[in-house]
Amino acid sequence: MASHLFFVLAFWSLFVIPIIINGYSPKEIIQMCSKTPNPKPCEYLFTNNPNYGPIDNDQDFLKASLKLALDKAMQADESAKSLGPKCRDRLETAAWDDCVKLYDQTIKRINETVDPFNKCSQIETQTWLSSALTNLETCRIGFIELGVGENVLPLMNNNVSHLISNSLAMNKRNFTYKPTYKGKFPNWVSPGDRKLLQASKPGPGADIVVAQDGSGDFKTVAAAVAAAKSGSGRVVIHVKAGTYSENVVISASNIMLVGDGIGKTVITGSRSVNGGYTTYNSATVAVEGDRFIGRGITFRNTAGPQNYQAVALRSSSDLSVFYQCSFEGYSDTLYVHSQRQFYRNCDIYGTVDFIFGNGAAMLQNCNIRPRKPPNGTNTITAQSRTDPNQNTGIVIHSSRISPAAELTYLGRPWNRFSRTIIMKTVIDGFISPEGWMPWSGDFALDTLFYAEYANSGAGASTANRVTWKGFRVLASASQASAFTVGRFIDGNSWLPGTDVPFISGL
C-alpha cells in the first residue's frame with residue numbers, strides 16, 4: 001500500500017503544483033477571473049504565467065485560457081509519461097496507461113479549439129472542452145476503482161481542469177443556439193456505402209472484409225481495424241456473420257463497421273473491473289476515432305453481473321452513429337463516454353447503470369431492456385456530468401423501456417450535474433413509481449437535471465415521482481425541444497451525411 005500511495009501522490013502532484021514565474025497580476029486579469037467558476041486558481045495561474053496577453057475582452061481571455069490549458073496539459077502529459085517505469089504492479093500500470101491515453105486525447109481536443117486553421121463553432125468548442133474535462137475525470141476514477149487511489153480524491157482539482165472549466169463557462173456565456181448547418185452536408189457516405197447501410201444484408205462495396213472462414217481479407221476485427229488508416233475518405237469494413245471473441249480499439253477516424261445483423265455478427269469479450277481492468281479499458285469494443293458508423297452488429301460483454309463494471313461498447317468518438325446494433329451486458333453495458341453520439345433502432349441490455357457516461361448521447365427508436373439484477377434493483381442510466389457548463393447528457397427519445405419483471409429505476413446521478421431526459425418513450429409498468437434513485441444520500445439531488453416529457457405506458461405516470469429540486473416534468477414542447485436531435489447534438493448539420501434515418505425534432 002505504501003508503494004500505491006507514493007505513486008499516486010507523485011502522479012497527481014504533477015497536475016496540482018504550477019510553475020511560478022513571477023507575481024505579476026494585471027488588473028484586467030483579476031476582473032476577468034472574477035467572472036469564472038474558479039477565480040482564485042485563475043488569478044494564480046495567469047499572474048504566474050504572464051505571457052498570454054494582452055487581454056482586453058472576453059474573447060481574448062477565452063483564447064488565453066485555452067492556450068494556457070493546452071500548455072499545462074502538455075506539461076502534465078510529459079511528466080505523466082515519465083512515471084510509467086515507476087509503476088509497481090499491474091493495477092497501477094493499468095490506471096496509469098489509461099491516464100496517458102486520456103491526456104493525449106485532452107491535448108487533441110483543446111488543440112482543436114485553438115488551432116487558427118480549424119474554424120470551430122461555439123457548439124464544437126463546448127463539445128470538445130466538455131470531452132477534455134471528462135477525460136481528466138476518467139483518469140482520476142481509474143485509480144480509485146482499482147483500489148490504488150485512496151488519496152487521489154483530495155487532489156482532484158488540478159490546474160488543467162480549472163482552466164477547462166473556466167473556458168467552458170466563458171464559451172457558454174451569452175450562448176444561444178445557432179445551428180452549424182450551412183446547406184451542405186459532409187460527404188460521409190458514398191453511393192456504395194449507402195447500399196451497405198440500407199441493404200438487409202451487406203453486399204459488395206466494402207473496402208475490407210472480415211470472415212472467420214478465411215474468405216475475407218482478415219479473420220479478426222482487430223486486424224482489419226489495424227489495417228484501416230485515417231484519412232479524408234471513409235473506410236468500410238464488412239464483418240461477416242460469426243462470433244468474434246476479441247477486444248477491439250478503433251482509433252482511426254471515418255471507419256464504418258458493418259455486420260450482417262443483430263445476433264449474426266457478434267463481437268464479444270469478458271473484461272471487467274473485478275478482473276483487473278478499469279471501466280474505461282474493460283470495453284469489448286472501444287471507438288475513439290471521430291465520425292464512426294456502426295451497423296448490424298451485436299457488441300457483447302459476458303463477464304456477468306458478479307464482476308461489476310464490464311463494458312460492451314465505449315464510444316469516445318465525436319459524431320458517432322450506431323444503427324441497428326445491440327449492446328449486451330450487465331453492469332455498465334453501454335459507455336457513452338464523451339462527444340456527440342447518435343443511436344437509432346438499437347437494443348440495449350443490462351442491469352446496473354447500464355447506459356452511462358458523459359457524452360452528448362441521443363438514443364432514438366431504441367429498445368431498452370433491463371435484465372434480472374443480482375440484488376433485485378436495476379438502474380438504467382448513470383449520467384456523469386461534472387460541470388454545469390458541459391453540453392452533455394443522455395436523451396432517450398421515442399423509444400421503449402420494457403425489461404424483466406424486477407424493480408427498476410430510470411437512473412441515478414453518477415456525478416453532481418448528472419443530466420438525463422426521457423421523452424415520448426413507452427415505459428412499461430415495472431418502473432418504480434418514484435422513477436429515479438439517489439446515488440448516496442442527498443448527493444446531487446439539487447444540482448442534477450432529470451426530466452420527463454410526454455411519455456406513455458403503465459410506468460410513465462409522474463404522479464408519484466421523486467420531489468428532488470433537480471427533477472422536473474417538462475410542461476411544453478418548447479422546453480423539450482432543447483433536447484431533440486436537431487438541437488442537443490446539432491444533428492441537422494451532420495446526420496444527413498451518414499444516411500441513417502433520424503427525427504430532428506419531437
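Model, not experiment: these values are computed from the prediction.
In this structure, Phe483 and Phe488 have tilted ring planes: the angle between them lies in the 30° to 60° band.
Closest of all the heavy-atom pairs between Gln126 and Asn391 is O-OD1, 3.5 Å. Here the shortest heavy-atom pairing between Thr333 and Gly350 reads OG1-CA, 3.6 Å. Minimum heavy-atom separation, Asp89 to Glu92: OD1-N, 2.9 Å. Here the shortest heavy-atom pairing between Glu145 and Tyr280 reads OE2-N, 4.4 Å. When every heavy atom of Trp439 is checked against every heavy atom of Ala382, the shortest pair comes out as CZ3-CB, 4.3 Å. Taking all atoms of both residues into account, the shortest heavy-atom contact from Trp436 to Val466 is O-CG1, 3.4 Å.
Checked by atom type and distance alone, the side chain of Glu246 pairs as donor or acceptor with a backbone atom of Ala222 at under 3.5 Å. Put simply, the side chain of Thr134 never gets that close to the backbone of Ser338: no donor and acceptor are under 3.5 Å apart. Looking at Ser167, its side chain never comes within 3.5 Å of a backbone N or O of Ser165 through a donor-acceptor pair. Asn301 places a side-chain N or O within 3.5 Å of a backbone atom of Arg271 that can act as its donor or acceptor partner. For the pair Ser399 (side chain) and Cys366 (backbone), a donor-acceptor distance under 3.5 Å is present. Side chain of Asn171 to backbone of Gln122: a donor-acceptor contact under 3.5 angstrom is found. Side-chain N or O atoms of Ser245 include none that pairs as donor or acceptor with a backbone N or O of Thr268 at under 3.5 Å. Arg371 places no side-chain N or O within donor-acceptor distance of the main-chain N or O of Tyr330, the cut-off being under 3.5 Å. Listed for the Asn254 side chain is no donor-acceptor partner under 3.5 Å among the backbone atoms of Val235. Under the 3.5 Å distance criterion, the side-chain polar atoms of Glu434 are left unmatched by any main-chain donor or acceptor of Ile431.
Considering only heavy atoms from C-beta on, Leu133 comes within 4.5 Å of Ser161 through its side chain. By the 4.5 Å heavy-atom criterion applied to side chains, Arg369 and Ile348 are not counted as neighbours. In this structure, the side chains of Ser131 and Gln339 come closer than 4.5 Å at one or more pairs of heavy atoms. Taking the side chain as every heavy atom from C-beta outward, Asp207 and Ile237 never approach each other to under 4.5 Å. Here the side chains of Arg340 and Glu124 are in contact, with some heavy-atom distance below 4.5 Å. Val336 places none of its side-chain heavy atoms less than 4.5 Å from the side chain of Thr392. Proximity of Thr127 to Asp490: side-chain heavy atoms (C-beta onward) are nowhere separated by under 4.5 Å. The shortest distance between side-chain heavy atoms of Ser282 and Tyr335 does not fall below 4.5 Å.
Note that the CG atom of Asn389 and the NZ atom of Lys172 stand 5.0 Å from one another [nearest 0.5 Å]. In this structure, CZ in Phe46 is found 11.5 Å from CG in Asn48, a value given to the nearest 0.5 Å. Note: Asn378 CG to Leu410 CG = 11.0 Å, rounded to the nearest 0.5 Å. In this structure, OG1 on Thr377 lies 10.0 Å from CZ on Arg412, to the nearest 0.5 angstrom. Note: Leu129 CG to Ile110 CD1 = 7.0 Å, rounded to the nearest 0.5 Å. With rounding to the nearest 0.5 angstrom, the CZ atom of Phe342 is 9.0 Å from the CG atom of Leu363.
Take Asn415 and apply the side chain to side chain donor-acceptor pair (under 3.5 Å) test, not counting sequence neighbours, and it matches no residue. Remark: Glu112 engages Arg109 in a salt bridge (charged side-chain N to carboxylate O under 4.0 Å, His left out) (not counting sequence neighbours).
Using a 4.0 Å cut-off between a side-chain N of Lys or Arg and a carboxylate O of Asp or Glu, Lys81 and Asp77 qualify as a salt bridge. Under a 4.0 Å N-O distance rule, the pair Lys469/Asp442 does not qualify as a salt bridge.
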(request) Any chance you could lay out the side chain to side chain donor-acceptor pair (under 3.5 Å) test for Asp98 and Thr278, step after step, and finish with the verdict? (result) CA-CA 8 Å; Asp98 278 2; Thr278 60; 2.3 Å; yes

(message) What verdict does the side chain to side chain donor-acceptor pair (under 3.5 Å) test give for Arg314 and Ser316, after you've listed the backbone C-alpha separation in whole Å, the side-chain angles of each residue and the deciding distance to 0.1 Å?
(response) CA-CA 7 Å; Arg314 167 174 59 83; Ser316 306; 3.0 Å; yes

(request) I would like to know whether Ser320 and Ser315 meet side chain to side chain donor-acceptor pair (under 3.5 Å); could you show each step before the answer? (result) CA-CA 8 Å; Ser320 56; Ser315 179; 3.1 Å; yes

(message) Using side chain to side chain contact (heavy atoms under 4.5 Å, CB included), reason through Lys35 and Arg173 one step at a time and then give a plain yes or no.
(response) CA-CA 10 Å; Lys35 303 176 184 179; Arg173 188 178 298 149; 3.4 Å; yes

(request) Check step by step if side chain to side chain contact (heavy atoms under 4.5 Å, CB included) holds for Leu319 and Asp290. (result) CA-CA 6 Å; Leu319 310 179; Asp290 292 343; 5.9 Å; no

(request) Go through Phe356 and Ile394 one step at a time and tell me if the side chain to side chain contact (heavy atoms under 4.5 Å, CB included) criterion holds. (result) CA-CA 8 Å; Phe356 74 111; Ile394 295 170; 5.5 Å; no

(request) Go through Asn345 and Tyr323 one step at a time and tell me if the side chain to side chain contact (heavy atoms under 4.5 Å, CB included) criterion holds. (result) CA-CA 6 Å; Asn345 296 9; Tyr323 178 47; 3.9 Å; yes

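Cys346 has its SG atom 2.5 Å or further from the SG atom of Cys325.
Checked against Arg295 for a side chain to side chain contact (heavy atoms under 4.5 Å, CB included), the options Arg344, Met256, Gln324 give a single hit: Gln324. The one candidate from Arg385, Arg419, Gln383 that meets the side-chain hydrogen bond (donor to acceptor under 3.5 Å, both in side chains) condition with Asn358 is Gln383.
For the ring-ring contact (aromatic ring centres under 6.0 Å, His included) condition, the pairs that include at least one residue of residues 295-321, sequence neighbours left out, are Phe299-Phe327.
Inspection of the Glu137 and Ser384 side chains reveals no N or O donor paired with an N or O acceptor under 3.5 Å.
Under a cut-off of 6.0 angstrom, the local environment of NZ in Lys108 is crowded, with over 12 non-hydrogen atoms contributed by other residues, nucleotides or ligands.
For Phe471 and Tyr450, the distance between ring centers is not under 6.0 angstrom.
Annotation: cation-pi geometry not satisfied between Arg140 and Tyr103 (NZ/CZ under 6.0 angstrom from ring centroid, within 45° of ring axis).
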